[in-house]
Amino acid sequence: MDNNYVYKLPNEASFKQEGLSGYNYSFNSNNISFTIEDCFKGHDKYHTNKYSSKFYYVVDGEGKFSINGKIYNVKKEDLIAIPPNTEFVFAGKMRLLLVMNPAFRQQDGIEGKNNDLY
């Protein structure tokens, strides 16, 4: 963090999965979290969050999301809004901004079957 107003993207990934790397902004809040996900293949497994809404903004690229069993093609500048208790997965070559409200908490996630979109 440069000051109380400007937050920089970290140089090193905060987490990695089989098909993406994630970079968490060090914004300290229980209400909201911000992450950049560089997706070169996709999310490893289907996921459900019990508590938070997830908002994915496609910064660049294109791909597809499977949300509650329906497939949506997405591209640059699309916004995908996923409410709590909604199963989803995504695949493609995309840079995504993920905003979560309330902020990310590891214990709220439920992983499902492997990603079948790729």
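What you see is a predicted model, and the numbers here were worked out from it, not measured in a lab.
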Between [atom1] of [X] and [atom2] of [Y], what distance do you get to the nearest 0.5 Å?
X      : Y      : atom1 : atom2 : answer
Ile110 : Lys45  : CD1   : NZ    : 14.5 Å
Ile67  : Thr86  : CD1   : OG1   : 8.0 Å
Ile36  : Leu96  : CD1   : CG    : 8.5 Å
Gln107 : Tyr51  : CD    : OH    : 10.0 Å
Phe90  : Ser66  : CZ    : OG    : 12.0 Å
Phe55  : Met100 : CZ    : CE    : 10.0 Å

- Would you check, one step at a time, whether the test side chain to side chain contact (heavy atoms under 4.5 Å, CB included) holds for Ile82 with Phe65? CA-CA 10 Å; Ile82 302 172; Phe65 276 71; 4.2 Å; yes

- Task: Let me see the working for Tyr25 and Ser33 under side chain to side chain contact (heavy atoms under 4.5 Å, CB included), right down to the final yes or no.
- Result: CA-CA 8 Å; Tyr25 284 93; Ser33 60; over 6 Å; no

- Task: Inspect the contact between Glu18 and Lys41 and indicate whether a charged nitrogen and a carboxylate oxygen are less than 4.0 angstrom apart.
- Result: yes

Any side-chain heavy-atom pair of [X] and [Y] under 4.5 Å:
X      : Y     : result
Met94  : Asp60 : no
Asp116 : Tyr46 : yes
Leu20  : Phe15 : yes
His47  : Val89 : no
Ile80  : Val58 : yes

- Message: If you apply the rule side chain to side chain contact (heavy atoms under 4.5 Å, CB included), what do you find for Glu77 with Tyr57, and how did you get there?
- Response: CA-CA 6 Å; Glu77 299 182 353; Tyr57 176 76; 3.5 Å; yes

- Query: Would you call the rings of His43 and Phe88 parallel, tilted or perpendicular, where under 30° means parallel and over 60° means perpendicular?
  - Reply: tilted

- Task: List the steps and the verdict of side chain to side chain contact (heavy atoms under 4.5 Å, CB included) for Asp44 and Asn115.
- Result: CA-CA 6 Å; Asp44 289 351; Asn115 188 338; over 6 Å; no

- So which pairs with a foot in residues 85-100 pass salt bridge (charged side-chain N to carboxylate O under 4.0 Å, His left out), sequence neighbours left out? Asp38-Arg95

- Tell me, please, which residues at least two apart from Lys64 pass side-chain contact (heavy atoms from CB on, under 4.5 Å). Ile71, Asn73, Leu117

- For Phe27, enumerate each residue passing the ring-ring contact (aromatic ring centres under 6.0 Å, His included) test, keeping only those at least two apart in sequence or located in another chain.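 For Phe27 the ring-ring contact (aromatic ring centres under 6.0 Å, His included) partners, ignoring immediate neighbours, are Tyr7, Phe34.
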
- Message: Please determine whether residues Val74 and Leu98 belong to a single hydrophobic cluster, defined as Ile, Leu, Val, Met, Phe, Trp and Tyr linked transitively by side-chain heavy-atom distances below 4.5 Å.
- Response: yes

- Item | ILVMFWY network linking Val59 to Ile32, side-chain heavy atoms under 4.5 angstrom | yes

- Message: Surrounding CG of Asn28 (heavy atoms of other residues, nucleotides or ligands, distance under 6.0 Å), is the total greater than 12?
- Response: no

- Query: Which heavy-atom pair separates Pro83 from Ser53 by the least distance, and what is that distance?
  - Reply: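 Residues Pro83 and Ser53, closest heavy atoms: CA-OG, 4.0 Å.
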
- Ala103 and Ser29: which non-hydrogen atoms are nearest, and at how many Å?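 Taking Ala103 first and Ser29 second, the nearest heavy atoms are CB-O, 3.3 Å.
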
- Do Tyr23 and Asn11 get their side chains close enough for a donor-acceptor pair, meaning under 3.5 Å? no

